[in-house]
Every structure is written in C-alpha cells, then in structure tokens.
There are 2 protein chains.
Amino acid sequence: MAKRITTQEKILNAAEALFAEQGFEQTSLRQITTEAAVNLASVNYHFGSKKALIQAVMARYLEIFMPALRTQLEGLGAKGSFTTRDVFDRFRTPLSELRQVRKHGPTLFLSLLGFAYAEIQGHLRRYTMEHFGDVMALLLDTLHQANPKLSPVDMFWRLHFVLGATVFAQVSGPALREIAAADFGEAVAADQVIDRLIPFLAGGVDATTAE
Amino acid sequence: MAKRITTQEKILNAAEALFAEQGFEQTSLRQITTEAAVNLASVNYHFGSKKALIQAVMARYLEIFMPALRTQLEGLGAKGSFTTRDVFDRFRTPLSELRQVRKHGPTLFLSLLGFAYAEIQGHLRRYTMEHFGDVMALLLDTLHQANPKLSPVDMFWRLHFVLGATVFAQVSGPALREIAAADFGEAVAADQVIDRLIPFLAGGVDATTAE
DNA sequence: TATAAATTAAAACGCATGTTTAAAATGGAT
DNA sequence: ATCCATTTTAAACATGCGTTTTAATTTATA
C-alpha cells in the first residue's frame, strides 16, 4: 500500500516544482493549489502565509544539505592540505543526498537557492544565516585554508561571485541546456551542469589577484 | 539654458533607476510615473506597454555598449595573440562609455542586465540576440581564440557562468558592498567591483576542464 | 455512537497592477 | 487667431493576487 500523502506534502511538492521553474514571485498560490489538487485556502491554513510556505520549501532541503556540508568540510579540514577544487568537490555528496527528498532534489534545491537570491527574499537570507550561519563561516574558513594567499575581503567577494555563477547556471539552466542541445547537438543533463561548474569556480577563486 | 527634458526621457530616467534598484517586475508604472512627475497613462501613450518600456530602457544602453564592444574586440582580434584576461579587459572601455548616457551608467546597465536575466525577460534576450547577435558571436569567437583548448560547448557554458557571476555581483552589489564595508572596514566603490570581477572571470574561463 | 477537534471547501474581501477611455489642455502651422 | 494634431490628464476598467471568513465535512476521541 502506498504511503499516505498529506495535504502539506502535496502542497510542498507542487510548490517547489513551480518555484524552481518560475521563481517565487511569479508562482501564485492558485497555481500551486491547482497543481496539488487541494483547496486554495489550505496553504494559509497549514503554513500561515506564502512567505512561510517558501521558507518551509527551502527548510526541507537546507536541513539535509547544511549538516551534510558541515560534515564534509570538517572531514576535509582534518586533512593536512587541500586545494580549492577539493573544497568545491565536497559539495557533491551533500547535493546528492538531496535526492532523498526528491528525485531531482539537487537541481531543485539549487534553482530554489538561485531564485532566493535573484529575487530579493531577505527573509530567506536571514533564515539561512540564523540557522546555518556556522556552516557558512566554516566554508569561508575552509576556503581560506585552501588558498591562504587570498585576503579575507578578496575571498568574500570571490565567494559571492561563485554563488552568482552557480545560481545563474541553475536559474537559466533549462533555457541554456536547450540552446546548448540545439547549437552543439549535445544534450546535457541537469546534474552535469555542476560538473562543468566546479572547475570554473575553482579556477576563478584561485586566479591571481589584479595587479 | 538647460536643455528641455521630454516626458519620454523623464520616464526613461526614472524607470531605469527604479529598475536597477528593484528589478523590473517589482517596479510598478505608478512608482515610475510618480518619480518622473508625469501622468500614469503617459507610459502607455509613449511606449505602448510596460514591456516596451523595459526594452526602451535597455536599448538606450545596448546601442552604445554593443558597437563599442564590437570595436574593442575587432581591435583585439587584429593582434596576433592575446589572453582571456585581455578579452575581459576590453570590456572596460565600452562600460565606461555608458557614462555618456548617465553618470552611473555602467553600474545601472549591468544591474539592468542582471535583472533581465534573473527575472525571465525572454523578450529582452530575443531583442539582444536579434539586434546584436553578431557581437555576441564575435565575443564567443574571440574568447575561443584566446583559449583554443576549450571546446565550443565548454566555452558556451563558461561564458554563461561569467554572465552569471557578473550579473549577480551587480544585483547584489549594494548589499554586498555594505556587508564588506562593515566586516572589513573597507569601502568599495561600485565601479571597483568590476576590478575584482575580471581576474575571477578570466581564471574561471582558463581553468583546466574536468578530468 | 456521540461529541469535539481538525481539516477541507466555497466564496468573498481588499488591494495593487497594467491598460484603456474620453475629455481637457497644449502647441505649432496656416 | 484659428484649426488640427499632439500630448496630458483624471477616471475607470478588468484582472489577478494573498488572505480571511464562514460553513460543511472529515477524522479522531471518549
């Protein structure tokens, strides 16, 4: 017997798919509840507001991703020395674990993260920093260990460039993969974008600073 | 005597400032017309629709930027050999020329470009490709000359990572510069972000591909 | 089975948006 | 100075949104 899917889960599942596809603002509660085949009012009943729903969608992923990333980074830190590339490679496992949540969890998560930053969801930034600020600090510290030449302020900026490239790659992902397939006859799976991305990011972070 | 400012220009000026600050979707025509001190209906009268206004705002910059970039790239192509870094450095002049349009033209333009991609303004993408597709092709070609090792499809993806990092840096620019100033006591002018960005981008594009 | 609590359902509310309409004002050409 | 096209204005329109309300229904408890 299939396990019972609650209304809340139906909403979360429909919401995250639409959010990842269209962004938060552009997705209406009516779209979500239609897709989930539940009543419009149930979103406010179960979650309180649209904003709270967005947070719930993100939390489901962050609660898996962040502890996993922390474990990975701590494991790397135990080693004597490592490269920037090593640090970014440590993102692979935490991302893969998101498949527990949903089949396309990794892609969904990164897309959501993308929209969270692209649209200015200040409350999400606050939520992340409040609950997982320590992991973010650990990431910054680990990257600095990998590349001690870079000053903290340089690392700060580059880490945000990294975030930008990542986010953009996901948000524009579907469109870009389509163009790539048409122009190069080379279909690229969503998950493989990350394989193209990681070398780029490591190269960027390791670049020599401006003279 | 100050030169007369037409209603259309008043609208364009108010619109671009608000767009760059808040994005396209989040900026209402009522905000724009209030700021510009013109009647609400004048937007639709002069431009036809909000979508057309967005296009007009972008066109004002693209029509200066794109030909300038083309000139720069052609100048570089005449040289025997050049690096990826050289290519990105050629963006500086075209960006600076945007100051003709407005004092903070370069920053405004990049922010607008950012929102154009972050929000899914498909019509802007189409417009750019339609009117300046040749320049984009030239850019891709020039980058390939600078780094022949990279396959076209690799270059395609990396160029879009570049765009993502750039766009994100501008959209989140104000917030990031604030944090940077607070955490590192180091104020960074908006124009200087591009100086931090260029080495990062060149490093990313030149990175060795995944094994 | 009777009762209370939790959930679902349908409808309406209040608000903000882009757009349209139709009248008033403006400005240049004859 | 008059006429006509252009522009500005104020008002309303249609639509979609998140949210709230109130009643019906289901579910669990005693």
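In what follows, chains carry the letters A, B, and so on, assigned in the order in which the sequence lines appear, proteins first and then strands, with residues in each chain numbered from 1.
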*Pair N13(A)-R60(A), side-chain donor/acceptor within less than 3.5 Å*: yes
Would you tabulate the nitrogen or oxygen pairs shorter than 3.5 Å linking the protein to nucleotides 24-28 of chain D?
none

*Could you please name the option among dA9(C), dA10(D), dT19(C) that lies closest to any side-chain atom of A41(A)?*
dA9(C)
*Is it true that atom NE2 of H104(B) has more than 12 heavy atoms of other residues, nucleotides or ligands lying nearer than 6.0 Å?*
no
*With respect to the phosphate group of dT6(D), does any side-chain polar atom (N or O) of H46(B) fall under 4.0 Å of OP1 or OP2?*
no
*To the nearest angstrom, how far is L29(B) atom CG from dT17(C) atom P?*
9 Å
*How is S42(A) classified with respect to the nucleic acid when contacts are heavy atoms under 4.0 Å: base, sugar-phosphate, or nothing?*
nothing
*asked:* Rounded to whole Å, please give me the gap between CG in L18(B) and P in dG18(C).
replied: 12 Å
*Do you know which two heavy atoms are closest between I198(A) and F88(A), and how far apart they sit?*
CD1-O, 3.7 Å
_Result of checking L62(B), L138(B), L139(B), L69(B) against F132(B) for side chain to side chain contact (heavy atoms under 4.5 Å, CB included)_ = L62(B)
*To the nearest Å, give me how far apart NZ (K51(A)) and P (dC17(D)) are.*
19 Å
*If you look at every strand shown and take non-hydrogen atoms under 4.0 Å, does T6(B) touch a base, only sugar-phosphate, or nothing?*
nothing
*Specify the closest pair of heavy atoms between T34(B) and R30(B), including all atoms of both residues, with the distance to one decimal.*
OG1-O, 2.6 Å
_What is the distance, to the nearest angstrom, from the NZ atom on K50(B) to the P atom on dT17(C)?_
9 Å
_What is the separation between atom CD on Q22(A) and atom P on dC17(D), rounded to the nearest whole Å?_
10 Å
*For the side chain of N39(A), counting heavy atoms from C-beta on, which of dA9(C), dT20(D), dT20(C) is nearest?*
dA9(C)
_What is the distance, to the nearest angstrom, from the NZ atom on K10(A) to the P atom on dT8(C)?_
8 Å
*So does K10(A) pair up with E35(A), basic N to acidic O under 4.0 Å?*
no
*Atom CZ of F47(A) and atom C1' of dT19(D): how far apart are they, to the nearest Å?*
16 Å
_Protein-nucleotide distance (I5(B), atom CD1; dT8(D), atom C1'), rounded to Å_ = 18 Å
*Between dG18(C), dT19(D), dT8(D), which one does the side chain of Y45(B) approach most closely?*
dT8(D)
*asked:* Under a plain distance cut-off of 3.5 Å, with no hydrogens placed, do S42(B) and N39(B) share a side-chain donor-acceptor pair?
replied: no
*In terms of the nearest nucleotide of DNA chain C, which residue is placed more toward the 5' end: N44(B) or Q8(A)?*
Q8(A)
_Check this one for me: any side-chain N or O of S28(A) less than 4.0 Å away from OP1 or OP2 of dC17(D)?_
yes
*Please tell me which of L40(A) and T7(B) maps to the more 5' nucleotide of DNA chain D, matching each residue to the nucleotide holding its nearest heavy atom.*
T7(B)
*Taking the side chain of S49(B) as heavy atoms from C-beta outward, which of dA9(C), dA6(C), dT19(C) is closest to it?*
dT19(C)
*In Å, rounded to the nearest 0.5 Å, how long is the span from CZ of F19(A) to CG of L12(A)?*
9.5 Å
*Donor-acceptor pair (no angle test) under 3.5 Å: R30(A) side chain, dG18(D) base*: yes
